[in-house]
Structures are given as structure tokens and as C-alpha cells.
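Down below is the structure, laid out as C-alpha cells.
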Amino acid sequence: MRFWVLKSEPDVFGFADLVRVGREPWNGVRNYQARNFLREMRPGDLCLFYHSNARPAGVAGVARVAAGAYPDDLQFDAQSRYFDPKSSPDNPRWSMVDVEPLVAFPGVVPLDVLRTLPEWADSALTRKGTRLSVLPATDEQFWAVLDAAGLSLEDLNRLTP
DNA sequence: GCCAACGTTGGC
DNA sequence: GCCAACGTTGGC
């Protein structure tokens, strides 16, 4: 199993929204590096759900990959802001995965707390100016955040059959 | 709202 | 292939 970070703006779609809908296609990613990470995701992988452009910015919960990468339908929708006229159905340029909520943290683990964790020192997430919306996390990084959220491996095992 | 940092675009 | 201009991201 691998670990990831997914960024989202809570004003647009926060972790509470994911809990509400139960499952969500992670569409609209239009950055090649982020897309390549999406394509590496497998069902069951766990994602730290990061709230950006928020007060405070930080990790709000854990999501699970429910479906691996498949073509992002918005790239073919001329009405969508994510429409890509250079993409074609026989060779789709952009991908998405489905995610589902696993656990909401009791409180957001803020960015300034992440920065105090040795596992997160000088990472792409905590470094200033990084704009990647999908990025990998190490096991150590993942568990450090869970620990900071007050959750244990046992808490997570209870939720992951 | 500000602004630094970055990715993308397009002219050459 | 370079690089300036531009648009976007994202912390504050």
C-alpha cells in the first residue's frame, strides 16, 4: 500500500464534503506530475486530505483510493473549465481516481505543526512555493501525521478491513 | 487582498 | 530551444 497527499480547497471541496458524498471522482488535475502520481495510485492506497487556502491550512483527514486511474471526463466537456481541446477519447491526456473518506481527524493538523515533524522537514508539501496538488508521502510521514492527529494504527485498522 | 513562487504559453 | 509574459497557487 502506498501513501499520498491530496490537496483541496475546503471552500470548493473539503473533507466534510467527501464525507457527505461518500465517494468522489478526483477530477480536474491538470498538471502532468500530479497526473502521473494519480496513475500510480491503486485501490486501498491511503491519502492525507490536505486543506489548502484554508485557515489553518493542514491535513483534515484520511481518504482511501476507491478506484485507480481512469480518464477524467471533464477533459472532453467543452462547457467545463477543465476542458482540454488537445485531448482525445482514444488517447486521453488526463486521469482521475475515485476517493472515499476513511477517517476525519478530531482536528486539522495544521501546516505549522507539520513543519515541526522531522519526517516532514523539507518535503514538497511543507516547502514554500510547491504547487503540486497530488504528491506521494512516505510511511513515516503518514504515521507521523496520524500521530499528530491523535490517532493510532489500531484506530486505522479498525476502519480498514 | 497581497504577493512570492512557480508552471505554462507563445513569440522569436 | 530560449525566455519573458502571463496566469495560477497558496500562505499569510
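Computed from a predicted model, the values in this text were never measured in an experiment.
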Distance check needed: C:dG11 P versus A:Asp112 CG, whole Å only. 11 Å
A:Arg127 CZ to B:dG7 P, in whole Å, measures 11 Å
Got a sec? Which of residues 45-58 of chain A come in under 4.0 Å of DNA chain C, heavy atoms? A:Tyr50, A:Ser52, A:Asn53, A:Ala57
Value in whole Å for how far the C1' atom of C:dC12 lies from CD of A:Glu9: 14 Å
Output the rest of the hydrophobic cluster of A:Val108: all Ile, Leu, Val, Met, Phe, Trp and Tyr residues reachable through side-chain heavy-atom contacts under 4.5 Å, sorted by chain and number. none
Polar-atom pairs under 3.5 Å, protein N or O versus N or O of nucleotides 1-5 of chain C: list them with distances, or write none.
none

Between C:dG10 (P) and A:Leu135 (CG): distance, integer Å: 10 Å
Under the salt bridge (Lys or Arg N to Asp or Glu O under 4.0 Å) rule, what pairs show up with a residue in residues 43-54 of chain A, not counting sequence neighbours? none
Tell me which pairs pass salt bridge (Lys or Arg N to Asp or Glu O under 4.0 Å) where either residue lies in residues 106-116 of chain A, with sequence neighbours left out. none
Among residues two or more places apart or on two chains, list those pairs meeting salt bridge (Lys or Arg N to Asp or Glu O under 4.0 Å) that have a residue in residues 29-40 of chain A. A:Arg2-A:Glu40, A:Arg30-A:Asp72
What salt bridge (Lys or Arg N to Asp or Glu O under 4.0 Å) pairs are there with at least one residue in residues 85-105 of chain A, not counting sequence neighbours? A:Arg23-A:Asp98, A:Arg64-A:Glu100, A:Asp84-A:Arg93
note: A:Lys7, atom NZ; B:dG7, atom P; distance rounded to Å ~ 11 Å
Over all strands shown, is A:Arg115 touching base, sugar-phosphate only, or nothing at heavy-atom distances under 4.0 angstrom? sugar-phosphate
Measure CZ/A:Arg30 against P/B:dG7 and give the value in whole Å, please. 18 Å
At 4.0 Å (heavy atoms only), tell me whether A:Ser133 reaches a base, stays on the sugar-phosphate, or touches nothing. nothing
Can you confirm whether or not the ring centre of A:Phe49 sits under 6.0 Å from the ring centre of A:Trp26? yes
Using the closest heavy atom to pick a nucleotide of DNA chain B for each, name whichever of A:Lys86 or A:Gly129 lands nearer the 5' end. A:Gly129
Could you tell me the separation between the CG atom of A:Asp11 and the C1' atom of C:dG11, rounded to a whole number of Å? 14 Å
Atom CG of A:Leu132 and atom C1' of C:dG10 are separated, to the nearest Å, by 13 Å
Strictly distance-based, threshold 3.5 Å: is any side-chain N or O of A:Asp17 a donor or acceptor partner for the main-chain N or O of A:Gly14? yes
With sequence neighbours left out, which residue pairs that include part of residues 87-114 of chain A fulfil the ring pair (Phe, Tyr, Trp, His ring centres under 6.0 Å) condition? A:Tyr32-A:Trp94
Residue list, side-chain contact (heavy atoms from CB on, under 4.5 Å) with A:Phe76, at least two apart or on another chain: A:Ser87, A:Pro89, A:Pro92
